[in-house]
Amino acid sequence: MKGSWRSHGLNSALAGKGVLVLDQVFQNLKSSELFQKGATVAGFPIHVRGHTLRGSSDISKPQFTKLLKQVTSHISSISNIYVHDGAIGPRSTCNVNIRMISDGPSSVLAFSNIIWETSSRAISKDSCPLTVYAAESISPGVSNSIGLGTEGDNGFIAADIERSMLIVCGTAFSDINGTKETLVALSEPVIFARGGLPLPGRLLVFGDSVVLLFAPEDIIQSCAVFLISRDAGVILSSEGVMPFFRFGDTNTNGPNLYKLPSAIVLITSDDSRTIPSASKLSPGQAAYHFLAGHQNGKFVPAFHKGPSSIDPLELAKALMFVLKEQQIPSFLVNAKGIESAGKELVTLVESTLSMNIPPFRAKGGEIKRRYKSFLSGKYQQLPEGFSF
């Protein structure tokens with residue numbers, strides 16, 4: 001509620017509690033609206049070795065080696081050790097098996113709630129499983145002792161992509177988002193090598209149809225209730241499409257989740273009125289717009305803000321190949337004006353799939369020049385077939 005006519009009653013109610021409203025009062029805002037007002041979610045320091053993108057600070061090989069030695073020595077000194085096996089993605093040829101070794105049950109509980117179930121046999125047979133070490137009770141000074149400073153005294157997350165290892169110290173296991181982002185960065189090269197595409201998308205289901213959705217985070221939050229999972233991250237392969245992480249209370253939620261997408265929809269928000277509300281894209285255009293990740297004048301390559309170990313250009317090239325090979329239709333939707341109206345946005349996406357949508361043609365050349373300027377500044381040459 002933003003200073004509307006109903007706010008007078010709320011102002012009076014707050015005054016009765018001893019609080020006087022100087023300007024406006026906001027009541028029952030949605031998550032997306034709270035983020036727009038500047039809300040933040042507390043997290044722990046994340047250090048990743050071997051990543052190619054932004055989102056975390058580096059840790060050197062000697063630092064990680066020293067940390068690993070301290071953590072394994074610490075866990076070895078604990079009477080009761082906890083081991084939990086799981087996977088990124090449901091069982092498939094492209095998923096990544098994980099073994100967690102911990103000095104306490106709290107980190108195992110948090111971990112088990114986000115990963116898919118797997119068997120100990122799958123771990124032992126996997127040529128490249130991830131190993132997660134959780135040291136809940138390790139000394140708070142371990143971060144400073146290896147040269148990472150005192151910021152991580154309460155806990156921190158460290159990963160080495162080259163070694164397929166993740167270390168979680170202190171209470172950092174409670175940072176679910178940070179844990180997931182780091183697990184994704186560790187899993188990406190394994191998934192990619194096994195023929196899967198690790199993509200920062202979400203899934204929408206309309207009847208028997210599965211839609212793979214790419215959109216800015218604030219727009220995603222407005223329609224989160226309609227998504228299969230709020231988490232960004234799916235594995236696309238010849239077997240179908242599946243979420244990175246568990247959702248709900250079970251490991252499965254019906255066979256539709258594993259079908260190949262009926263369509264891929266890229267959502268932008270552009271107020272220049274040069275991008276139509278809905279357009280059909282060729283595979284080359286879909287790869288181009290995916291790579292740019294245009295969001296109302298800004299660009300987020302591959303719609304991915306977190307740490308990543310896969311070059312967005314390589315993902316875009318692989319995505320174009322899959323779209324061509326599997327003949328998956330692609331669409332571009334301009335959500336400007338309905339970014340915070342989740343139901344309207346979902347309705348627009350659904351109607352786009354059922355209508356005869358014209359091919360993409362921007363009005364004027366300025367938006368095309370902005371795309372070209374951004375991408376040419378990052379990549380010397382785009383692959384043949386990529387087009388605006």
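Position 1 is the first residue of the sequence, and the numbers go up from there.
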Can you give the donor-acceptor pairs under 3.5 Å from side chains of residues 374-388 to other protein atoms, not counting sequence neighbours?
unit_1	atom_1	unit_2	atom_2	d
S376	OG	K372	O	2.7
S376	OG	S373	O	3.2

Side chain to side chain contact (heavy atoms under 4.5 Å, CB included) with K66: which residues, sequence neighbours excluded? Q70, I146

Show which side-chain atoms of residues 157-170 pair as donor or acceptor with protein atoms under 3.5 Å away, not counting sequence neighbours.
unit_1	atom_1	unit_2	atom_2	d
D160	OD1	R49	NH1	3.0
D160	OD1	E162	N	3.0
D160	OD1	R163	N	3.3
D160	OD2	R49	NH1	3.1
D160	OD2	R163	NE	3.2
E162	OE1	R49	NH2	3.4
R163	NH2	T65	OG1	2.4

Throw together a table of side-chain donor-acceptor distances under 3.5 angstrom for residues 96-105, partners on residues two or more places apart or in other chains.
unit_1	atom_1	unit_2	atom_2	d
N97	OD1	T118	OG1	3.1
N97	ND2	D126	OD2	2.8
R99	NE	D85	OD1	2.7
R99	NH2	D85	OD1	3.4
R99	NH2	D85	OD2	2.9
S102	OG	G104	N	3.0
S102	OG	G104	O	2.8
S102	OG	S107	OG	2.7
D103	OD1	E136	N	2.7
D103	OD2	H74	NE2	2.7
D103	OD2	E136	N	3.1
D103	OD2	S137	N	3.0
D103	OD2	S137	OG	2.8

Using side-chain hydrogen bond (donor to acceptor under 3.5 Å, both in side chains) as the criterion, list what pairs up with Y371, not counting sequence neighbours. H289

Applying side chain to side chain contact (heavy atoms under 4.5 Å, CB included), name anything that partners S76, two or more places apart in sequence or on another chain. none

For E366, all residues meeting side-chain hydrogen bond (donor to acceptor under 3.5 Å, both in side chains), sequence neighbours excluded: R369

Which residues pass the salt bridge (charged side-chain N to carboxylate O under 4.0 Å, His left out) test with K280, not counting sequence neighbours? none

Run the ring-ring contact (aromatic ring centres under 6.0 Å, His included) test against F173 and tell me which residues pass, sequence neighbours left out. none

Pairing residues for K317 by the salt bridge (charged side-chain N to carboxylate O under 4.0 Å, His left out) criterion, not counting sequence neighbours: E314

Set of side chain to side chain contact (heavy atoms under 4.5 Å, CB included) partners for T72, sequence neighbours left out: L68, Y133

Under the side chain to side chain contact (heavy atoms under 4.5 Å, CB included) test, which residues partner E151, sequence neighbours left out? P45

